[in-house]
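Take a look at the structure below.
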Amino acid sequence: MLLHTPKVELGWQAPDFTLKDPDGKSYTLAELQDGKPLLIAFICNHCPYVIAIIERLVADAKTLQNEGINVVAIMPNDYHSYPADNPERMQEFAKQHGFTFPYLINADQSVAKAFEAVCTPDFFGLNNKGELHYRGRLDDAEMRDPKGRTPELIIAMRHINEHGTGPAGQVSSMGCSIKWK
């Protein structure tokens, strides 16, 4: 089922969390931020919308990381009901696509609920204070540049990195509904 993310009030403080990767290593929001802007991508392995953008997301993540912006992906689905998203498959997916960022399990779905994430992919850009300043999509297929794409996410995260706030115009993300328990 295709969903679009709702508009949200920018500037709200991201709720703290601790999540583990498939190997059992814990990460806190503060550790993931490390005093820098942070892109949080709610994704999963089986969603056709995620699969369609995963190569661009990984490339954009590398660009952002090279510019001092941290990146994390969070898998919010109920993987007991959707085994394609289980931790072992998450490891395979991350390795297959060359993730350079943590891919965390949100087994109880509390983080997705706290962020009001609704779909995969769903992107949240935080400034270095942990305040939300981007809620949108990776790029807008309807406004592609001559090279093939307009990377809204990169533009937004660069703006957050330079100014502490996101751009005024933001295009809501769209994707598969999160598979709630």
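Side chains are part of it too, since the values below use all heavy atoms of this structure and drop only hydrogens, waters and symmetry mates.
Of all heavy-atom pairs spanning E116 and R135, the tightest one is O-NH2, 3.1 Å. Here the shortest heavy-atom pairing between P37 and N161 reads CG-OD1, 3.4 Å. Nearest approach of P121 to I43, heavy atoms of both residues: CB-CG2, 4.2 Å. Residues T100 and Q65 come closest through the heavy atom pair OG1-OE1, 2.5 Å. Across every non-hydrogen atom of L57 and A41, the tightest pair is CD2-CB, 4.4 Å. Nearest heavy-atom pair across W12 and A14 is CZ3-CA, 3.2 Å.
Between the N127 side chain and the K129 main chain, a donor and an acceptor come within less than 3.5 Å of each other. A donor-acceptor pair is defined here as one N or O able to donate and one able to accept, closer than 3.5 Å; such a pair exists between the side chain of K181 and the backbone of A107. Side chain of D23 to backbone of K25: no donor-acceptor contact under 3.5 angstrom is found. E152 places no side-chain N or O within 3.5 Å of a backbone atom of G136 that could act as its donor or acceptor partner. Looking only at distances, a side-chain donor or acceptor of H159 sits under 3.5 Å from a matching main-chain atom of T165. The backbone N or O of K179 sits less than 3.5 Å from a side-chain atom of Q109, completing a donor-acceptor pair. With hydrogens and angles disregarded, no donor-acceptor distance shorter than 3.5 Å links the side chain of D34 to the backbone of E31. With Y134 contributing its side chain and R137 its backbone, the two residues share a donor-acceptor pair below 3.5 Å. For N70 (side chain) and Q33 (main-chain N/O), a donor-acceptor pair under 3.5 Å exists by modelled atom type.
For the residue pair T63/N66, the side-chain donor-acceptor check at 3.5 Å is not satisfied. Y103 and N45 are linked by a side-chain donor-acceptor pair at a separation below 3.5 angstrom, with hydrogens and angles left out of the test. No side-chain donor-acceptor contact under 3.5 Å links Q91 and D21.
Note that CD of Q96 is 10.0 Å distant from CZ of R89, once rounded to the nearest 0.5 Å. Going from atom CG of D122 over to atom CZ of F115 covers 10.5 Å, rounded to the nearest 0.5 Å. Residue I54 holds its CD1 atom at 10.0 Å from SG of C47, rounded to the nearest 0.5 Å. Between the CD1 atom of I155 and the CD1 atom of I160 there is a distance of 12.0 Å, given to the nearest 0.5 Å. In this structure, I154 CD1 and R158 CZ are separated by 5.5 Å, a value rounded to the nearest 0.5 Å. If you take CG on D139 and CG on L153, they are separated by 9.0 Å, rounding to the nearest 0.5 Å.
Taking the side chain as every heavy atom from C-beta outward, F17 and S110 never approach each other to under 4.5 Å. Between L29 and L38 there is a side-chain heavy-atom pair separated by less than 4.5 Å. Counting only heavy atoms from C-beta outward, the side chains of L32 and P102 approach each other to under 4.5 Å. Taking the side chain as every heavy atom from C-beta outward, Y27 and L104 approach each other to under 4.5 Å. Proximity of I105 to L19: side-chain heavy atoms (C-beta onward) are nowhere separated by under 4.5 Å. Annotation: side chain of F123 is in contact with side chain of L39 (closest heavy-atom distance under 4.5 Å). Between H46 and N77, the closest side-chain pair of non-hydrogen atoms falls below 4.5 Å. Side-chain contact between L126 and H133: absent, with no pair of heavy atoms (C-beta onward) separated by less than 4.5 Å.
Taking hydrophobic clusters as Ile, Leu, Val, Met, Phe, Trp and Tyr residues chained together by side-chain heavy-atom distances below 4.5 Å, Y82 does not share a cluster with V50.
Enclosure of atom CD in E88 is not indicated, since only 12 or fewer non-hydrogen atoms of other residues, nucleotides or ligands lie within 6.0 angstrom. Around atom CD of E92, more than 12 heavy atoms belonging to other residues, nucleotides or ligands sit under 6.0 Å away.
For F42 and F124, the ring centers are positioned less than 6.0 Å apart.
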